[in-house]
Protein chains: 2
Amino acid sequence: MSQKNGEDLTRERILDTAEVLFAQKGYRAVSVREITSAAECNLAAVNYHFGNKENLYLEVFRSRWVPRATRVRESFRKSLARQGSLSEAKVVRALAQAFVDGPLSDDERLRHSQLMTREMTQPTKAFKHVAEQVIQPFFKEVSDQLDSVLSNKVGEEQMLLNIFSIFAMVLYFNFARVAVSRLTGRKYDSAFRALLVEQITQFSLRGLGVEKMEEQG
Amino acid sequence: MSQKNGEDLTRERILDTAEVLFAQKGYRAVSVREITSAAECNLAAVNYHFGNKENLYLEVFRSRWVPRATRVRESFRKSLARQGSLSEAKVVRALAQAFVDGPLSDDERLRHSQLMTREMTQPTKAFKHVAEQVIQPFFKEVSDQLDSVLSNKVGEEQMLLNIFSIFAMVLYFNFARVAVSRLTGRKYDSAFRALLVEQITQFSLRGLGVEKMEEQG
DNA sequence: TTGACATTTAAACGATCGTTTGATACAAAC
DNA sequence: GTTTGTATCAAACGATCGTTTAAATGTCAA
């Protein structure tokens, strides 16, 4: 039997520790021995459960990264659903909040954007999966939401570039924590995260050409 | 003698090829054998000229990355000096242009932002040097330039967050080429780069709260 | 209790890693 | 011509890498 009480503990422990280590150090810098040692299991467990190291990496994206991205996306959706009538400000703030101050813990958020940044700078086999299953649909959703509330309509390409611009900030303020903390002299506590959400929201709203601001949601 | 005709060819070849490979694959994913093989020299040359692999990596930043960052910075400066009277639009466009369409070749630009992104996500010993010698002074310069022309004054922290926001786009549109190309369906040719400069400039100017736009410089 | 199957284990495999060695080639200094 | 010091070379070092093996252990059905 693959699992009796509904969970394969060793397999799950390997996935958890592997994700942390891959996010921190990158694929090549993490050895199978380091993973199995941290996961407190035998060296051969990785090859037994996942075939090889590369498959483990891909499985981390399938069973950890993608579900987490889905949580962020649903946080964004519910944030919008909570509002009665939508506006540019509400959509943008919901977006910034979902990524910078959303459902993820601080560690999760860091891991998440580290893995994503890694795949963006040097895509592996995981990228195609992530792009098609997560990024592209999400961008489409944000694009549609913004398009439905935006006062000054823009073309499809312009809309995409605008979303890129917003997304660039969201990603940057997550993965470049070290640099941001160093240069601002501020820790990444909840107060600073709230400030970053405000920064992304206001900067993006003006960037989108929204004239009148609304009060914070 | 360390060099007779004014240049140590092997040493320079190693630095060039090492930078390309480190940028493409990351530190751990590149072996000393791969470097020396591509640089067409003996395996022991790395240890002879740089002591060890880590020192070679640091020397790449000192003798390749930092000078290139300086070229970008001076491109920004000269672009400003070329203008008679400065304005928000001119400063922001000069900034975007220097990084996205500036003095670097396409390959150089990619390498440059790949190495930088790598150091930002997982800083090595090179980061301290880069932060103090390059990033911090440059941010200070941009901050001062913007402050001197900005119509609506803001506090120091707000200014820093704004520069982060602009810089996030600049960095993103460079390192996330693959994703951007894939989702927009456009190649990174000079026409698209010009469009990106325009996007960063306009989005940032509105983001900074500059009301009146000026025509392109 | 027995047989079948899933999982874990210790040990080893060959390959590759960064680094070191000692010999050799070559130039300028004496 | 001899010495001195730089640079390159093939070869090897021990360590670590991902992966495989075969035996041992655990678990449930028959």
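Each chain gets a letter, A, B and so on, in the order the sequences are listed, and its residues count up from 1.
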Chemist: Do the side chains of A:Ser204 and A:Met169 get nearer than 4.5 Å, heavy atoms only?
Modeler: yes

Chemist: Ignoring the backbone of A:Asn52, work out which of D:dT19, C:dG18, D:dC9 is nearest its side chain.
Modeler: D:dT19

Chemist: Is it true that B:Arg177 and B:Asp106 make a salt bridge, defined as a side-chain N closer than 4.0 Å to a carboxylate O?
Modeler: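 Judged by the 4.0 Å cut-off on N to carboxylate O distance, B:Arg177 and B:Asp106 do form a salt bridge.
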
Chemist: What does the inter-axis angle of the helix from C:dT1-D:dA30 to C:dC30-D:dG1 come out as, five pairs per end, nearest 10 degrees?
Modeler: 10°

Chemist: Take the protein atom CD of B:Glu12 and the nucleotide atom P of D:dA7, then report the distance between them rounded to whole Å.
Modeler: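 Checked: the CD to P distance equals 12 Å.
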
Chemist: Any chance the side chains of A:Asn162 and A:Gln158 put a donor and an acceptor closer than 3.5 Å?
Modeler: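 The criterion, which ignores hydrogens and geometry beyond distance, is satisfied for A:Gln158 and A:Asn162.
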
Chemist: For the rings on B:Phe175 and A:Tyr172, is their centre-to-centre separation under 6.0 Å?
Modeler: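 Aromatic pair excluded; centres sit 6.0 Å or further apart.
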
Chemist: Separation of A:Glu40 atom CD from C:dT8 atom C1', in whole Å?
Modeler: 15 Å

Chemist: Within the pair B:Asn42 and D:dA10, is there a side-chain N or O less than 4.0 Å away from OP1 or OP2?
Modeler: yes

Chemist: Would you kindly give the OH-to-C1' distance between B:Tyr57 and C:dC17, to the nearest whole Å?
Modeler: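 Rounded to whole Å, this separation is 19 Å.
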
Chemist: Flag the pair B:Phe164 / B:Phe139 as yes when their ring centroid distance falls below 6.0 Å, and as no otherwise.
Modeler: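 Centroid distance B:Phe164-B:Phe139: below 6.0 Å, so yes.
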
Chemist: Does D:dT8 have OP1 or OP2 sitting under 4.0 Å from an N or O in the side chain of B:His49?
Modeler: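 For D:dT8, OP1 or OP2 has a side-chain N or O of B:His49 closer than 4.0 Å.
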
Chemist: For the pair made of CZ in B:Phe22 and C1' in C:dG18, what is the distance, rounded to whole Å?
Modeler: 12 Å

Chemist: For D:dA7 and B:Thr10 - does any side-chain N or O of the residue sit under 4.0 Å from the phosphate oxygens OP1/OP2?
Modeler: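 Checking D:dA7 against B:Thr10, no side-chain N or O comes under 4.0 Å of OP1 or OP2.
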
Chemist: Tell me if the centroids of the rings in B:Phe99 and B:Phe76 come within less than 6.0 Å of each other.
Modeler: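 No, the ring centres sit 6.0 Å or more apart.
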
Chemist: What are the residues of residues 28-39 of chain B, sorted by number, that bring a heavy atom to within less than 4.0 Å of DNA chain D?
Modeler: B:Arg33

Chemist: Between atom CG in B:Leu56 and atom P in C:dT19, what is the gap in whole Å?
Modeler: 10 Å

Chemist: When you check the gap from the basic side-chain N to the acidic O, do A:Arg193 and A:Asp189 get nearer than 4.0 Å?
Modeler: no

Chemist: For A:Leu43 and D:dT19, give me the distance from atom CG to atom C1', rounded to whole Å.
Modeler: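 About 8 Å, once rounded to whole Å.
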
Chemist: Looking at B:Asn47, does any N or O in its side chain come under 4.0 Å of the phosphate oxygens OP1/OP2 on C:dT19?
Modeler: yes

Chemist: For B:Glu54 and for A:Ala45, locate the closest nucleotide of DNA chain C by heavy-atom distance; then report the residue assigned to the nucleotide nearer the 5' terminus.
Modeler: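 Per heavy-atom nearest nucleotide, the more 5' residue is A:Ala45.
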
Chemist: In whole angstrom, what separates B:Tyr48's OH from D:dA10's C1'?
Modeler: 17 Å

Chemist: Roughly, in whole Å, what's the span from CZ in B:Phe50 to C1' in C:dT19?
Modeler: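 Result: 16 Å.
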
Chemist: Should A:Arg93 and A:Glu88 count as an ion pair when the cut-off is N to O under 4.0 Å?
Modeler: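 Judged by the 4.0 Å cut-off on N to carboxylate O distance, A:Arg93 and A:Glu88 do not form a salt bridge.
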
Chemist: Between A:Glu74 and A:Lys78, is the closest basic N to carboxylate O distance under 4.0 Å?
Modeler: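 Looking at A:Glu74 together with A:Lys78, the answer is no, because their closest N to O distance does not fall below 4.0 Å.
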
